[in-house]
Peer 1: 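This is the structure, below, for whatever I ask next.
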Amino acid sequence: MLEGLDPEQREVATALHGPVCVLAGAGTGKTRAITHRIAYGVRAGILQPSSVLAVTFTNRAAGEMRGRLRQLGAVGVQARTFHSAALRQLQYFWPKAVGGSLPRLADRKIQLVADAAAACRIRLDRGELRDVTAEIEWSKVTQTVPAEYPPAAAKAAREATRDPAEIAQLYAAYEDLKRERGVIDFEDVLLLTVAVLQDRQDIAEQVRAQYQHFVVDEYQDVSPLQQRLLELWLGDRENLCVVGDASQTIYSFTGATPDHLLDFRTRHPGATVVKLVRDYRSTPQVVRLANGLLAQARGRAADHRLELVSQRGPGPDPVFSEYTDEPAEAEGAARRIGELLGAGVRASEIAVLFRTNSQSETYEQALADAGVPYQLRGAERFFDRPEVRRASSALRAAARFGGNDSLLDDVVDLPSQVRAVLSGEGWTAQPPAGSGAVRERWESLAALVNLAQDFTAARPGATLTDLVAELDERAGAQHAPTVQGVTLASLHSAKGLEWDVVFLVGVAEGMMPITYAKTDEQIEEERRLLYVGVTRARERLHVSWSLARSPGGRASRRPSRFLHGLRSGPTAAAGRNGAGGVGGVERGASGPVAASVAPGPGRRQRSPARCRVCGRTLTDAGEMKLMRCEDCPSDMDEGVYERLHDWRGDQARRSGQPAFCVFTDKTLMAIAETVPEDAPGLARIPGVGKRKLDRYGADVLAICAGGDGAEDKEQA
C-alpha cells in the first residue's frame, strides 16, 4: 500500500489518527494519497470499510475514487458526493423523522423559478431566469432566508441583474410554490438532512455509529451548508481528513469558500498538516508559468499558495499567440490541432478551454470545418446517448446468454467479446470518415471498447457480467469513459481533468478577468481560474487572444493582465505559416507578443463588414454572415433558398454531419440573397471558406443558376 508513494504522500497514507489536513497542489497525486491512506488503514485493521465515508463534489470524482479503492482491495468504503450521501440518509430516515415518503426531487428548478416569477407578475428573460436561479441557490447554501437576502447579497458583493428586494420576493414565492407542489430541490437535500440531524439526536447518533471516519476531497470548495452537515456527521469526534488547495477556489459564486480549509488548524490545533508540492502532471515549463501566475496573486488564498515542483522531464515552452479576431483565433487553434493529430497525438488528449460557454460555438464551427472530431463537455451525458443505451443493452443480453450466444463463439478475452457485441451496433476497427453524427456514435462505442480494455487490465479474468456491473455503476454515478474527440469545455467544467495538450483561448481583458469581476476578491478568483486552466496541461500549452471580436472590428483588446511579466525575453520567430495560426503570431514562453499583428500568409486583410443595404458597420456574427442588418429588408430568392436547404440536407445525411457543418442557415440565406454567379462571388460570402468552396462550390453555383446540385449528386 505504501510502495510507489513519495515521502509526503506516504506521510498522508500513514496519518490515520486525529484530524489531518492535506494541502495538495495541482497534479501532486492527492487522490492517490488519500485512496492509499484509506486502503492502508483498512489493510492494517485500523479502519472498517463500512465505517468510512469519503465525500467529494462531482459524480466523476466519486466514481474514480471508488474505482481506485476497489483496485486497492478497500471494498465497501462509501465514496459519494455531499448530495448523494445526504440524499441516501434522508431517504432512509425520512419515514422515521417526519413520516411518509420523501417529497419528490424537482426535475427542473429553472421552470419553478419561471412559475414563481409569473405568480409575482415579474417578467424575466432567459438570462435573468438563470441569474435569479443562481441567486436562490447561493442563498440556500449560505443558509440565507428570503427576508435576509438583500443585506446578505450586499455584504457578499453579489451583482445580480435584478433588484435585491425583487429577488427576495421571487425567492419567497419559489419556496411557497415548492411547498404547494410537494417537491424539494437539490439544496433542500442538504438543508433537510441538516435539519433532521439537528432535531433528532437519536438519528444523528445512528449516523455517527455507522460512519466513524471521514475524508473530504476538494475541501476548498465546501459551502457553509456543507460544512454544517460535515460537523453534524462528525459530532465531537476528530476522525477527519480534508484535502484541498486554496489556489484552486473557483466556485465562490456558488457559496464555496476556502476559509474552512485555511482555518482548519485553528479549529483543530493538534491537526497533522502535510503539503504535497511534487507535480507529477505537468512539465517544468508549464509549472513555471503556473507558479508565475500565483506569484502575482494577492489576498488570503495567495498567502497560502503552494510552490509546485515539477517531477517530469522538460517539454516545450508554452506558446502565446495573438490574432486579429475571434474567428481567426478559432481557425488557428483548429489548424494547430489538425497538425497535432497528424503527428500522432490522440484527439482525446487535446482540450480547448474558454471562460464562458458562449465562446464554444466559434470553436465548434472551426473544428467541424477542419474535419476534427470534438466533444462538448457539459452537453448530453454519455450514458444518456441513444447508442450507449443500445450498446449497454446488447452487452447485458450477451452476458445473460453467456456461452449460448453464437456471436461469442471462440471469443475468449473480454475486450474481444465486447468488440464482437458492439460490431453489431456499428463499431468498426477503423473510424468512419468525417466528424458528424456517424463519427460521434462511433466514438461513443469506441469509448466502451477502450473501457473494456482498461477494465481487463485492472481486473484480469473479469467477465462480461463484471463489465456490465461496472457500466451500471458508472451510469448511476455518470462516470463516463474517455471519448476520442477534442474536448471543448469552460474553465470551470475542466476542474479535475487533464490533457496532454491544452489550448487556453480568449485570454484577453474583459474575458479573463471577465468584465463583471470588479472587486479585488473577484479579480483574484479570475486569476485562480486561469491557474486551474494552465495546470490542466501535461506537456503542451497554447495561450491565445484576439484583438477584435469580429473580422474588421476595432482592434481594442489587449492580452490579460494576468500574463504581464510572464512573456518577457528573446523574441521567437513570428508570423510563419503554421506557427502563429491564421492571422496570428506565435511567441515562445519567454517571448513578448507584439501589440499589433499583420495578417499571416495566405489570409487576406479583412475590411470592416458593412450592411449591403444600409451601409452600417456590422459587429454581430449572424448579421455578418447575412451581410446585412437583421432588420434591413431581405431580397432573398425563395426558390434558391429552398433548393439550397434541400441540397444541404442531402449532404448532411450522406456525410453523417449536422446540417450546420455544411452551411449555417445564415450562410444559406446570404447565398440566396446575393445569388453569386461565379466562385469569387461565392467566396466573398462569410461562411464560405476555401475548403467549402472547393467541396461545395460547383453544386452551390449550379443551384444559384437554377439547377438542383445534380453535379454533386453525380460525383457522389
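The residues of the chain are indexed from 1 along the displayed sequence. These numbers were taken from a predicted model, which means no experiment stands behind them.
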Peer 1: Measure the shortest side-chain to side-chain distance between Leu395 and Leu422 over non-hydrogen atoms and say whether it is less than 4.5 angstrom.
Peer 2: yes
Peer 1: Quick one: pull up OG in Ser392 and CG in Leu448 and give me the separation to the nearest 0.5 Å.
Peer 2: 6.0 Å
Peer 1: Answer yes or no: is there a side-chain heavy-atom contact under 4.5 Å between Thr463 and Leu414?
Peer 2: no
Peer 1: Nearest 0.5 Å, please: how far is CG in Leu289 from OG1 in Thr283?
Peer 2: 10.0 Å
Peer 1: Are Ser544 and Glu329 linked by a side-chain donor-acceptor pair shorter than 3.5 Å?
Peer 2: yes
Peer 1: Excluding sequence neighbours, so at least two apart, what forms side-chain contact (heavy atoms from CB on, under 4.5 Å) with Leu497?
Peer 2: Arg60, Arg377, Trp499
Peer 1: Could you give the distance from CD (Gln311) to CZ (Arg278), rounded to the nearest 0.5 Å?
Peer 2: 5.5 Å
Peer 1: Under the salt bridge (Lys or Arg N to Asp or Glu O under 4.0 Å) test, which residues partner Glu218, sequence neighbours left out?
Peer 2: Lys30, Lys495
Peer 1: Taking all atoms of both residues into account, what is the closest heavy-atom pair of Gly25 and Leu308, and its distance?
Peer 2: CA-CD2, 3.8 Å
Peer 1: Report yes if the distance between the aromatic ring centroids of Phe663 and Tyr696 is under 6.0 Å, otherwise no.
Peer 2: yes
Peer 1: Do you know the tightest heavy-atom contact between Asp221 and Phe57?
Peer 2: O-CE2, 3.4 Å
Peer 1: Residues in salt bridge (Lys or Arg N to Asp or Glu O under 4.0 Å) with Arg536, at least two apart?
Peer 2: none
Peer 1: I'd like to check Met512 versus Glu526 (side-chain heavy atoms, cut-off strictly below 4.5 Å). Are they in contact?
Peer 2: yes
Peer 1: Atom CD of Glu349 and atom CZ of Arg540: how far apart are they, to the nearest 0.5 Å?
Peer 2: 13.0 Å
Peer 1: Is there a side-chain contact (heavy atoms from CB on, under 4.5 Å) between Ile350 and Asp500? Walk through the geometry before answering.
Peer 2: CA-CA 6 Å; Ile350 303 174; Asp500 285 347; over 6 Å; no
Peer 1: Does the pair Arg419 and Ser416 meet the rule for a side-chain hydrogen bond (donor to acceptor under 3.5 Å, both in side chains), with working shown?
Peer 2: CA-CA 5 Å; Arg419 287 192 288 268; Ser416 295; 3.2 Å; yes
Peer 1: Contact between Thr324 and Leu547 at the side-chain level, heavy atoms closer than 4.5 Å - yes or no?
Peer 2: no
Peer 1: For a 4.5 angstrom cut-off between non-hydrogen side-chain atoms, does His542 reach Val502?
Peer 2: no
Peer 1: What is the ring orientation for Trp545 with Phe320, classed by angle as parallel under 30°, tilted 30 to 60°, or perpendicular over 60°?
Peer 2: tilted
Peer 1: Answer yes or no: is there a side-chain heavy-atom contact under 4.5 Å between Asn450 and Gln453?
Peer 2: yes
Peer 1: If I compare all heavy atoms of Ala26 with all of Asp245, which pair ends up nearest, and what's the gap?
Peer 2: N-OD2, 4.0 Å
Peer 1: Strictly distance-based, threshold 3.5 Å: is any side-chain N or O of Gln285 a donor or acceptor partner for the main-chain N or O of Pro316?
Peer 2: no
Peer 1: Salt bridge check: are Glu339 and Arg336 linked by an N-O gap of less than 4.0 Å?
Peer 2: no
Peer 1: Are any non-hydrogen side-chain atoms of Leu488 and Phe354 less than 4.5 angstrom apart?
Peer 2: yes
Peer 1: Should Asp369 and Gln365 be marked as a side-chain hydrogen bond (donor to acceptor under 3.5 Å, both in side chains) after you check the CA-CA gap, both sets of side-chain angles, and the distance that decides it?
Peer 2: CA-CA 6 Å; Asp369 285 346; Gln365 185 68 60; 3.0 Å; yes
Peer 1: Does this structure show an ion pair linking Glu307 with Arg305, if we count only N-O contacts that are shorter than 4.0 Å?
Peer 2: yes
Peer 1: Could you walk me through whether Val449 and Trp427 pass the side-chain contact (heavy atoms from CB on, under 4.5 Å) test, one step at a time?
Peer 2: CA-CA 9 Å; Val449 172; Trp427 179 82; 3.8 Å; yes
Peer 1: For Asp6, does its backbone N or O pair with a side-chain atom of Gln9 as donor and acceptor, under 3.5 Å?
Peer 2: yes
Peer 1: Under the salt bridge (Lys or Arg N to Asp or Glu O under 4.0 Å) test, which residues partner Arg70, sequence neighbours left out?
Peer 2: Glu470, Glu473
Peer 1: I'd like to know if the side chain of Ser393 and the backbone of Arg389 have a donor-acceptor N/O pair within less than 3.5 Å.
Peer 2: yes
Peer 1: Once you round to the nearest 0.5 Å, how far does CD1 of Ile34 lie from OG1 of Thr56?
Peer 2: 7.5 Å
Peer 1: Got a salt bridge between Glu509 and Arg561, using NZ or NE/NH1/NH2 to carboxylate O under 4.0 Å?
Peer 2: yes
Peer 1: For the side chain of Glu525 and the backbone of Tyr251, is there at least one donor-acceptor N/O pair under 3.5 Å apart?
Peer 2: yes
Peer 1: Under 6.0 Å from the CZ atom of Arg528, do we count more than 12 heavy atoms belonging to anything else shown?
Peer 2: yes
Peer 1: Between Arg68 and Glu64 (salt bridge meaning N to carboxylate O under 4.0 Å), is one present in this structure?
Peer 2: yes
Peer 1: Mind checking what makes side-chain contact (heavy atoms from CB on, under 4.5 Å) contact with Ala54, not counting sequence neighbours?
Peer 2: Ile38, Met65, Ala79, Val215
Peer 1: Among residues at least two apart in sequence or on other chains, which ones pass side-chain hydrogen bond (donor to acceptor under 3.5 Å, both in side chains) with Arg281?
Peer 2: Glu498
Peer 1: Do you know the tightest heavy-atom contact between Ala330 and Ala366?
Peer 2: O-CB, 3.6 Å
Peer 1: Looking at Tyr323 and Ala328, what are the two nearest heavy atoms and their distance?
Peer 2: CD2-O, 3.5 Å
Peer 1: Please give me the minimum heavy-atom distance between Leu467 and Ala452, naming the atom from each residue.
Peer 2: CD2-CB, 4.0 Å
Peer 1: Is any side-chain heavy atom of Gln651 closer than 4.5 Å to one of Arg654?
Peer 2: yes
Peer 1: About how many Å separate CD of Gln359 and CD of Glu326, when rounded to the nearest 0.5 Å?
Peer 2: 6.5 Å
Peer 1: Could you go through Leu293 and Phe562, starting from their C-alpha distance and side-chain angles, then the distance that decides it, and tell me whether this counts as side-chain contact (heavy atoms from CB on, under 4.5 Å)?
Peer 2: CA-CA 7 Å; Leu293 276 172; Phe562 300 144; 3.9 Å; yes
Peer 1: Go through the steps to decide whether Glu8 and Lys275 satisfy the test side-chain contact (heavy atoms from CB on, under 4.5 Å), and finish with yes or no.
Peer 2: CA-CA 7 Å; Glu8 294 79 23; Lys275 293 183 179 181; over 6 Å; no
